[in-house]
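The structure displayed is predicted, hence computed values, not measured ones.
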Amino acid sequence: MQQRAETIGAVAKAGRHEAVAKPLRVLIVGPSLDLVGGQARQAARLLAHLREEPSLEVSFMRVTPRLPGPLAKLQQIKYVRTLVTTPLYWAKLLARVRSYDVIHVFSASYYSYLLSAAPAIIIGKLYGVKTILNYRSGEAEDHLQNWRLTAVPTIRLADVIVVPSGYLVDVFARFGLRARPIFNIIELDRFRFRERRPLRPRFLTSRLLEPLYNVGCALRAFALVQKRFPDASLVVAGDGPMRAELEKLARELKLRNTEFIGGIPFEKMAALCDAADIYLNAPNLDNMPSSITECLASGMPVVTTNAGGIPYIVKHEETCLMVERNDHEAMAAAAIRLLEDNELASSIARRGLESCRQYRWAAVQNEWLNLYHELARKGFVEERARETIP
């Protein structure tokens with residue numbers, strides 16, 4: 001027993017020296033970086049920062065590989081795209097995973113998890129490569145509850161589960177899964193904090209136009225605001241399957257000064273935030289929306305529902321005004337309250353900016369680096385122990 005302990009200790013020490021001697025090889029697996037969406041945006045930010053770390057050698061792999069030549073047209077066809085690219089993605093995983101020390105897998109829920117994240121975890125396990133499941137969906141509770149046979153057992157195979165909020169830590173704990181929180185990254189230097197005095201009735205909402213984000217609630221709230229402030233304006237940024245339906249709703253509500261501008265690349269978000277004075281966020285389900293923290297970084301007061309993980313990142317009357325889900329009357333009342341109480345709006349904006357500092361790269365950098373090296377040392381120790389212990 002003593003000999004075994006001494007051997008493991010020596011191997012662990014060797015592992016630390018090995019980690020210093022050569023960069024740790026990390027493969028990040030995630031959505032295409034040119035997509036408009038929170039997960040792709042976070043993957044791009046993390047990848048850019050990690051590639052500046054001398055202790056790491058970081059590569060990226062898309063879950064939807066590009067098809068060559070004429071086959072690329074197949075990726076424009078829904079369902080066909082999945083049927084064609086998924087087997088290719090699995091083949092690429094089998095070919096590449098063994099070359100890395102740590103696999104960091106970005107994950108949403110449901111079929112996205114099943115077809116993209118679960119195979120990466122299983123293949124990592126097959127090759128003895130340490131895996132991080134970076135789960136980011138606000139639909140986690142429903143996913144884990146209703147996909148128990150495929151979700152929970154495969155998630156348990158991951159060496160570490162990382163989530164961006166305390167909300168998801170609590171959700172995973174209810175299913176006997178231990179998750180580690182590491183916040184989303186907000187690039188504060190890209191956003192200009194602007195004191196909005198007086199606060200103007202210029203509104204912004206910027207979510208995907210899908211049912212769970214309930215942009216219709218924001219439109220109905222704005223209709224009530226516009227009765228009080230006839231010159232109020234609203235920019236609806238984002239695209240999705242509900243766009244035509246929501247544009248029709250805007251016409252039925254007889255909204256004026258309302259513009260649907262479609263999906264906006266991240267590079268243009270700072271200017272969009274700077275131009276608006278109040279942000280409306282009306283989801284029924286959410287996790288840790290970067291759109292809220294980006295608005296806070298720009299000095300824009302936020303009116304939001306209390307969906308999912310939102311109460312974990314902002315507090316009512318401190319860093320936002322918060323209302324119940326699907327209550328457009330309460331959302332309108334909160335927006336009007338901000339317009340009529342500039343002192344409240346200014347104090348919320350100042351505290352909101354301060355709360356954003358915990359999401360800077362400097363604040364989360366060591367958490368990622370420590371996790372990677374911790375896993376790599378563990379893998380090194382296990383491998384060498386197997387080789388040296390009879």
R197 side chain to S346 side chain, donor-acceptor N/O pair below 3.5 angstrom: yes
Heavy-atom donor-acceptor pair, W90 side chain to L115 backbone, under 3.5 Å: yes
Linked, directly or transitively: F60 and L371 (ILVMFWY side chains, under 4.5 Å): yes
Test log, rule side chain to side chain donor-acceptor pair (under 3.5 Å), inputs N370 and N366: CA-CA 6 Å; N370 289 341; N366 284 338; 5.5 Å; no
Cation-pi, F266 ring and R45 (6.0 angstrom, 45 degrees): yes
Donor-acceptor pair, side chain of R192 and main chain of D274, under 3.5 angstrom: no
Hydrophobic cluster membership, V160 vs I182, 4.5 Å side-chain cutoff: yes
Side chains of Y110 and L114 in contact at under 4.5 Å (non-hydrogen atoms): no
Whether F106 and H104 hold their rings parallel, tilted or perpendicular, with breakpoints at 30° and 60°: parallel
Between OG on residue S112 and CD on residue E139, distance to nearest 0.5 Å: 10.0 Å
Atom pair CD1/CG of I161 and L133 - distance to nearest 0.5 Å: 6.0 Å
hydrophobic_cluster_shared for V162 and L157, side chain cutoff 4.5 Å: no
Contact summary for L224 and A332, nearest pair of heavy atoms: CB-CB, 3.7 Å
Full working for side chain to side chain donor-acceptor pair (under 3.5 Å) between N257 and S233: CA-CA 5 Å; N257 307 324; S233 63; over 6 Å; no
Greater than 12 external heavy atoms within 6.0 Å of E324's CD: no
Verdict with supporting geometry, Y359 and I313, side-chain contact (heavy atoms from CB on, under 4.5 Å): CA-CA 10 Å; Y359 308 123; I313 61 172; 3.6 Å; yes
Spacing of CD belonging to E247 relative to CD belonging to E259, to within rounding of 0.5 Å: 10.5 Å
Closest contact, heavy atoms only, Q226 versus A232: NE2-O, 2.9 Å
Polar side-chain atom of N342 near backbone of L199 as donor-acceptor pair, under 3.5 Å: yes
Minimum heavy-atom distance between L56 and P23, given as atom pair plus value: C-CB, 3.9 Å
Verify same cluster id: L353, I348 (apolar side-chain graph, 4.5 Å): no
Ring center gap for W368 and H49 short of 6.0 angstrom: no
Pair Q365-E53, side-chain contact (heavy atoms from CB on, under 4.5 Å): steps then yes or no: CA-CA 10 Å; Q365 175 184 18; E53 295 292 336; 2.4 Å; yes
Expected output: side-chain R360 to main-chain R357 donor-acceptor under 3.5 Å: yes
Intermediate values then yes/no, side-chain contact (heavy atoms from CB on, under 4.5 Å), D286 and Y213: CA-CA 8 Å; D286 220 328; Y213 294 118; 4.1 Å; yes
Salt-bridge contact R174-E141 (side-chain N to carboxylate O under 4.0 Å): yes
Side chain to side chain, L50 and W361, heavy atoms closer than 4.5 Å: yes
Approximate separation, where rounding is to 0.5 Å, of D277 CG and C295 SG: 11.5 Å
Side-chain heavy-atom pair N134, Q42 within 4.5 angstrom cut-off: no
Heavy-atom closest pair, residues A282 and N214: O-CB, 3.1 Å
Minimum heavy-atom distance N326-T305, with the two atoms named: N-CG2, 4.4 Å
Spacing of CG belonging to L168 relative to OG belonging to S137, to within rounding of 0.5 Å: 7.5 Å
Flag, side chain of D101 to backbone of R25, donor-acceptor distance under 3.5 Å: yes
Heavy-atom closest contact (N184 atom, P164 atom, distance): OD1-CB, 3.4 Å
ILVMFWY network linking Y312 to I310, side-chain heavy atoms under 4.5 angstrom: no
Reported CG-to-CG distance for the pair L144 and N146, which is rounded to 0.5 angstrom: 9.5 Å
Side chain to side chain donor-acceptor pair (under 3.5 Å) assessment of Y279 paired with S291: CA-CA 9 Å; Y279 186 70; S291 55; 3.2 Å; yes
Sub-4.5 Å side-chain heavy-atom contact between I292 and V314: yes
R96, CZ atom: more than 12 neighbouring heavy atoms under 6.0 Å: yes
Minimum side-chain heavy-atom gap V29-Y89 below 4.5 Å: yes
Flag side-chain contact, heavy atom, 4.5 Å: R196 against S298: yes
Full working for side chain to side chain donor-acceptor pair (under 3.5 Å) between S55 and H373: CA-CA 9 Å; S55 65; H373 288 288; 3.2 Å; yes
side-chain contact (heavy atoms from CB on, under 4.5 Å) evaluation trace for L338 with L321: CA-CA 9 Å; L338 288 175; L321 290 184; 3.6 Å; yes
Side-chain heavy atoms of V163 within contact of V171, under 4.5 Å: no
Side-chain heavy atoms of T205 within contact of L219, under 4.5 Å: no
E294 side chain vs A270 backbone, donor-acceptor pair below 3.5 Å: no
Under-4.0 Å salt bridge between E354 and R350: no
Donor-acceptor under 3.5 Å (R325 side chain, N284 main chain): yes
Parallel, tilted or perpendicular: ring planes of Y135 versus Y113, cut at 30 and 60 degrees: tilted
R351-T319 side chain donor-acceptor pair, cut-off 3.5 Å: no
Residues D341, R337; criterion salt bridge (Lys or Arg N to Asp or Glu O under 4.0 Å); working and verdict: CA-CA 6 Å; D341 189 344; R337 182 183 173 193; 5.3 Å; no
